[in-house]
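For reference, the structure discussed in these notes is given below.
Keep in mind that the numbers below use all heavy atoms, side chains included, and drop hydrogens, waters and symmetry copies. Chain letters run A, B, ... following the sequence lines, proteins first, then strands; residues in each count from 1.
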There are 2 protein chains.
Amino acid sequence: MPEARPPTSRDVARHAGVSQATVSLVLRDRWRGRVSPARVDAVRAAARELGYRPNQAARSLRLGGSRTALLVVPALANDFFGRVHAGAASVAAENGLHLVLYPSPGGVGPAPDPFASASATLDGVLASSMAAEALSALSGAGLPLVMLDSEPGRAPAAATVNPDIAAGTRLIVDHLREWGHRRIAHLAADVDSWTFAMRAATLAERLDIDGLPPPRTERAELSVGGGLRAAERALAATPRPTALFCDDDLLAAGACKAARRMGLRVPEDVSVTGFDDLALATTVEPELTTVSLPAEELGAAGLRALLAVLDGRAQQDTVLPVRLAVRGTTGPPPG
Amino acid sequence: MPEARPPTSRDVARHAGVSQATVSLVLRDRWRGRVSPARVDAVRAAARELGYRPNQAARSLRLGGSRTALLVVPALANDFFGRVHAGAASVAAENGLHLVLYPSPGGVGPAPDPFASASATLDGVLASSMAAEALSALSGAGLPLVMLDSEPGRAPAAATVNPDIAAGTRLIVDHLREWGHRRIAHLAADVDSWTFAMRAATLAERLDIDGLPPPRTERAELSVGGGLRAAERALAATPRPTALFCDDDLLAAGACKAARRMGLRVPEDVSVTGFDDLALATTVEPELTTVSLPAEELGAAGLRALLAVLDGRAQQDTVLPVRLAVRGTTGPPPG
DNA sequence: CTTCGGTAGTGTTACGTATAACTGCCCCCG
DNA sequence: CGGGGGCAGTTATACGTAACACTACCGAAG
């Protein structure tokens, strides 16, 4: 048995009758004016024939970097982060950067080190949500970091990119106020992160400006089932709220189910609003009125910011515009 | 400026007053009986102090492998592949294997090479769906490959792991037959892959055995919207089918929307069945009767098979059991 | 006729790590 | 008292690639 190791650039060189250096020049496209066209073709043919694939590990070692960035997302349970990835991946591809996706396990326990998990020298990290200890480990490593959907101006991120959560919240509140709603309950995600804290703060502030009482808040596990249970509690109150502001579309979908189970119609008896504009927002009946976040743009802008940091250009915090998607779950309050 | 390169094992060695070899022995936990405990502590302290992180590229180069596998999934638009990934990731972690996720861009155009994209030497690939050319490129590279959810016994996969699609299809058909349905239409995914071909073949076979006419088939783009449009066509037929067999939950959700828009109640006027048991199956109202596929198990079994291949153990094709989830979208035919 | 510059290559080295092979050294046994 | 054998380390090397520095040749300019 001939042991069958994968072919190296030296094998290609031997096969083409040139030196290994020439193979490298040709395959890296640095040959113009240094290698004759005939040899170039010979090298390419030999590489193809042997099925040569450059050894990435050796490349990274030599180059002192792998042109690889890591995208850390909290989970893949919904399509939002798939879209973020798609946006980041397209920008990465345009710039010859590899993008590796790491879905951080949501569960408790010692999360495996995302950097070890990449199994390659990383040049930078784009993180959407991370445990504090992982974050500090990263800052210790001195890796360029761009944070998505998290508090601006917080070390150790070199930059942040956020959808305009405050504006989105205001759009929802104004929309409900225009319909005449005054008793608004808040289904709040049971997650301690900036993006949800921002919704709560803006909601409270906005209702206060409008001279309305602070919202009754029900904490909910971030899932359809969690939204269902929290909505059941919220809708059992007297007087019943006429609108539910949900932190997220999953909660809103759960709230719609809860309302229906309690014999209430949406939106005739109670209005429900979501946030994020996930795919499920247009899947459920009626379709959710929600805040549409630019997921692809978020990923793309995040990766552009990371590229800027890698190039040594200073970076600020970016805020992306959002828009209100008015659909079928909002209407005038009953009576 | 001191240039600030990341510290190497040689830096750690200098700092601890030992040789680089000793550092490697200590940090790889191969020191028992070779290095005195005092030195071990000194090395560990030095490593911590300098914030040393081993260079993965150099490690991979030296070891001739990175203990990294690539998981190729078609998209992250739904939660199914997130669950597959979770299952594979947990088995990978147990075995000290890195798992890198590659969502192959669904769009047309030259797909970026998934192997280049990994930016590390790969030891194996677990692929759920792949373009033919990428597959052949891979077979040329001689990488160990395990295929998920695709035709058993097809080169160049060393093994396949599949949910029992045929059994799932039979469960659905039998369930509909028990309710007394005879006119069953098929909403077929507009994707040319084994898993959908298998549904179609089994459905036709089963109806034939039961003495029923072959199903009217409507091709649908694999999305909620696609299901909606296809269902509108299917339900416009006369006589109208009393049940819709949908290749996938997305299509089924779309079918339910279509029925409602046409003034039909589900399941009173028409029964609808899904496939996969995505999260949305229990989100929509009524909840979908569907075939529940063991997504996590699929990923886990796939990675176990890959590990076996890497160890040189021969592998067969594995079929995982499925179960029927009877929910709210099926009932007796009208009249 | 020498020198200069450009073309077409090759030899060599370094990247950081893991480990095989080696070196002392001390202790104990014959 | 000589030498065998563990202990505690070190030295040296290889992994595959990229690119710097070098050589050899050739035509043209001085």
Side-chain angles (χ1 to χ4, degrees), chain A residues 3-43 46-47 50-68 96 116 119-123 141, chain B residues 3 5-43 46-47 50-68 96 115-116 119-123 141:
Chain A
E3 185 54 30
R5 292 176 312 97
T8 72
S9 62
R10 219 172 310 259
D11 295 331
V12 175
R14 226 181 333 258
H15 204 255
V18 298
S19 73
Q20 180 267 328
T22 303
V23 172
S24 180
L25 288 174
V26 170
L27 296 174
R28 290 300 121 216
D29 239 5
R30 286 222 146 24
W31 59 273
R32 238 148 295 259
R34 314 173 159 277
V35 181
S36 63
R39 300 255 169 158
V40 170
D41 290 345
V43 168
L50 296 182
Y52 170 70
R53 301 186 137 284
N55 181 317
Q56 289 295 337
R59 252 172 85 66
S60 302
L61 179 57
R62 181 68 242 255
L63 298 175
S66 52
R67 292 205 60 76
T68 297
S119 82
T121 319
L122 294 175
D123 293 346
Chain B
E3 185 53 31
R5 294 177 310 99
T8 71
S9 61
R10 220 173 310 258
D11 295 330
V12 174
R14 224 178 338 256
H15 204 256
V18 298
S19 74
Q20 180 267 328
T22 304
V23 172
S24 180
L25 288 174
V26 170
L27 268 31
R28 290 298 123 217
D29 239 5
R30 287 220 145 31
W31 57 272
R32 239 149 293 260
R34 314 173 161 278
V35 182
S36 63
R39 300 254 165 154
V40 169
D41 290 345
V43 168
L50 296 181
Y52 171 70
R53 299 186 136 288
N55 182 317
Q56 289 294 337
R59 255 174 81 67
S60 302
L61 179 56
R62 178 67 240 253
L63 297 174
S66 53
R67 292 204 59 76
T68 297
F115 313 111
S119 81
T121 320
L122 294 175
D123 292 346

Of B/Ala58 and B/Leu25, whose nearest nucleotide on DNA chain C comes first from the 5' end?
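Taking each residue's closest nucleotide, the earlier one in sequence belongs to B/Ala58.
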Applying a 4.0 Å non-hydrogen cut-off, can you work out what [X] is touching in the nucleic acid: base, sugar-phosphate, or nothing?
X       : value
B/Ser19 : base
B/Arg10 : base
B/Ser24 : base

Atom pairs and distances, donor-acceptor, side-chain atoms in residues 28-41 of chain B, under 3.5 Å, two or more places apart:
unit_1, atom_1, unit_2, atom_2, d
B/Asp29, OD1, B/Trp31, NE1, 3.3

Quick check on [N]: is either OP1 or OP2 less than 4.0 Å from any side-chain nitrogen or oxygen of [X]?
X       : N      : answer
A/Ser36 : C/dG9  : yes
A/Ser9  : D/dA18 : no
A/Arg34 : C/dG9  : no
B/Arg5  : C/dG16 : yes
A/Thr22 : C/dT10 : yes

5' precedence on DNA chain D between B/Arg62 and B/Gly33 (nearest-nucleotide basis)
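Between the two, 5'-proximity favours B/Gly33.
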Where each residue is assigned the nucleotide of DNA chain D containing its nearest heavy atom, which of B/Val18 and A/Arg59 is assigned the position nearer the 5′ end?
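Taking each residue's closest nucleotide, the earlier one in sequence belongs to B/Val18.
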Name the closest nucleotide to the [X] side chain, picking from [options].
X       : options                : answer
B/Tyr52 : C/dT19, C/dT17, D/dT17 : C/dT17
B/Arg39 : D/dG9, C/dT17, D/dA18  : D/dG9
B/Leu61 : C/dG16, D/dT11, C/dG9  : C/dG16

Between D/dG16 atom C1' and A/Gln56 atom CD, what is the distance in whole Å?
11 Å
note: A/Arg30, atom CZ; C/dA8, atom P; distance rounded to Å ~ 18 Å
